[in-house]
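A short worksheet on the structure shown next.
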There are 2 protein chains.
Amino acid sequence: MKFRTKTRYGMRAIVEIAKADRKKGILQKDISKNQGISIKYLDQIVHALKEAGLIENVKGKKSGYRITRNASDITVHQIHLAFEPEIAVIDCLSKDVECRLEDVCHTISFWTGLNQVIINYFNEVTLQDLMEGRNLHSQ
Amino acid sequence: MKFRTKTRYGMRAIVEIAKADRKKGILQKDISKNQGISIKYLDQIVHALKEAGLIENVKGKKSGYRITRNASDITVHQIHLAFEPEIAVIDCLSKDVECRLEDVCHTISFWTGLNQVIINYFNEVTLQDLMEGRNLHSQ
DNA sequence: ATATATCCGACTGTTTTAGTAGGATATAAT
DNA sequence: ATTATATCCTACTAAAACAGTCGGATATAT
């Protein structure tokens with residue numbers, strides 16, 4: 001039960017972008033350098049963040065990524081959705097899967113509960129929290 | 001971010017065992033039939049549960065698995081440990097990995113928090129809850 | 001024109017996963 | 001004792017997922 005590298009790197013990348021000068025933004029190149037992630041791999045990651053509408057830039061020579069809204073208005077859940085279609089800790093919980101084992105499988109509501117706990121946490125934490133390194137598990 | 005089939009099946013198997021007659025127990029064969037899991041695959045799963053000390057049986061012709069203590073004294077966390085060495089949503093959180101990116105990675109406390117949220121949930125839910133199909137995510 | 005930087009799809013080696021196979025061992029029944 | 005049953009336990013394999021690279025197209029500033 002691990003998160004994929006893309007998701008992890010994606011989080012680091014958007015924090016880097018959020019910390020950049022709001023006007024100039026930051027280049028892939030510099031995110032790559034600062035975070036120690038190959039520029040080609042980062043390419044895909046940044047692209048996903050852009051497709052999700054979380055960051056913006058101009059194309060061409062004088063680019064530079066910026067977040068599209070305040071860091072406090074971007075949740076980790078939204079960032080996560082840039083890299084995964086949904087949160088579903090087991091396939092049965094996926095939108096497009098139907099569970100046909102209700103009678104014999106007594107674990108579904110446990111998994112549903114776990115899924116919800118994760119979603120709640122993801123909705124609670126914002127990009128602003130990440131930037132500030134706020135401690136979140138003390139609750 | 002999915003749980004492995006072994007863990008899922010393992011949970012279903014131990015619920016089946018917990019529901020069995022406390023004296024006679026239940027055979028692999030019957031768990032297999034009831035849960036629709038191949039007997040050979042189940043073999044490994046039941047074995048893991050036994051190694052973890054959660055179930056017991058006698059070997060040989062007249063076997064039958066039983067849980068070793070009350071269902072209310074077995075947490076999902078303990079069951080999970082039968083199939084995974086630890087709960088660590090990213091490698092950095094693993095016992096035997098040291099994170100060397102504190103300076104550049106601003107996401108570690110987020111992941112630590114998530115990990116803790118999951119561990120707390122796993123500690124809260126017992127085998128008894130699973131057996132009763134108790135609804136747990138309403139909190 | 002040219003240099004820079006993003007865009008975007010295809011590809012590949014590695015690792016993980018799910019599940020099978022086969023035989024060893026222990027016990028109950030005959 | 002022998003046989004049937006059931007677990008124990010290791011090894012193996014096909015398929016899927018993953019991490020990361022590569023190449024080239026496109027857009028823009030100078």
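Numbers restart at 1 for each chain; the letters A, B, ... are given by sequence-line order, proteins then strands. Excluded from the calculations below are hydrogen atoms, water molecules and symmetry mates; all remaining heavy atoms, backbone and side chain alike, are included.
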### Message
Measure CE/A:M1 against C1'/C:dT17 and give the value in whole Å, please.
### Response
16 Å
### Query
For the pair made of CG in A:D91 and C1' in D:dA17, what is the distance, rounded to whole Å?
12 Å
### Message
Using a strict heavy-atom distance below 4.0 Å, which residues from residues 23-40 of chain A are in contact with DNA chain D?
### Response
A:S38, A:K40
### Message
With a 3.5 Å distance limit and no angle check, can you tell me whether B:T75 reaches the backbone of B:T126 through a side-chain donor-acceptor pair?
### Response
no
### Task
Measure from the side-chain N and O atoms of B:S94 to the backbone N and O of B:V97, and report whether any donor-acceptor pair falls under 3.5 Å.
no
### Donor-acceptor contact present, side-chain B:R12 to main-chain B:Q35, <3.5 Å
yes
### Task
Would you kindly give the CZ-to-C1' distance between A:R8 and D:dC18, to the nearest whole Å?
11 Å
### Message
Does B:K2, at its NZ atom, have more than 12 non-hydrogen atoms belonging to other residues, nucleotides or ligands within less than 6.0 Å?
### Response
yes
### Query
Would you say a side-chain N or O of A:N57 is under 4.0 Å from OP1 or OP2 of C:dC7?
yes
### Task
Could you please spell out the steps behind the side-chain contact (heavy atoms from CB on, under 4.5 Å) verdict for A:L93 and A:I108?
CA-CA 8 Å; A:L93 297 176; A:I108 186 68; 3.9 Å; yes
### Task
May I ask you to decide if the ring planes of B:F3 and A:W111 are parallel, tilted or perpendicular, using 30° and 60° as cut-offs?
tilted
### Message
A:N57 and side-chain hydrogen bond (donor to acceptor under 3.5 Å, both in side chains): which single residue from A:Q28, A:K62, A:R66, A:K50 fits?
### Response
A:K50
### Task
Grab the CZ-C1' distance between B:R66 and D:dA6 for me, whole Å please.
14 Å
### Message
Taking any heavy-atom pair under 4.0 Å as a contact, classify A:Y65: base, sugar-phosphate, or nothing.
### Response
sugar-phosphate
#### Entry: Within residues 41-53 of chain B: residues closer than 4.0 Å to DNA chain D (heavy atoms)
B:D43, B:Q44, B:H47, B:K50
### Message
With heavy-atom distances below 4.5 Å as the criterion, would you say the side chains of A:Y65 and A:L49 are in contact?
### Response
no
### Message
D:dA6, OP1 or OP2 - any side-chain N/O from B:K62 closer than 4.0 Å?
### Response
no
### Side chains of B:Q116 and B:N120, donor plus acceptor under 3.5 Å
yes
### Task
Report the relative orientation of the aromatic rings in A:H80 and A:F122; use parallel for angles under 30°, tilted for 30 to 60°, perpendicular for over 60°.
perpendicular
Every protein N/O within reach of nucleotides 1-4 of chain D N/O, cut-off under 3.5 Å:
none

### Query
B:R4 has an atom CZ; how far is it from atom C1' of D:dA16, in whole Å?
15 Å
### Query
Is there a chain of hydrophobic side chains (I, L, V, M, F, W, Y, each step under 4.5 Å between heavy atoms) that links A:L54 to A:I45?
yes
### Message
Measure CD1/A:I90 against C1'/C:dA18 and give the value in whole Å, please.
### Response
16 Å
### Query
Closer than 4.0 Å, any side-chain N/O of A:T5 to the OP1 or OP2 of D:dA19?
yes
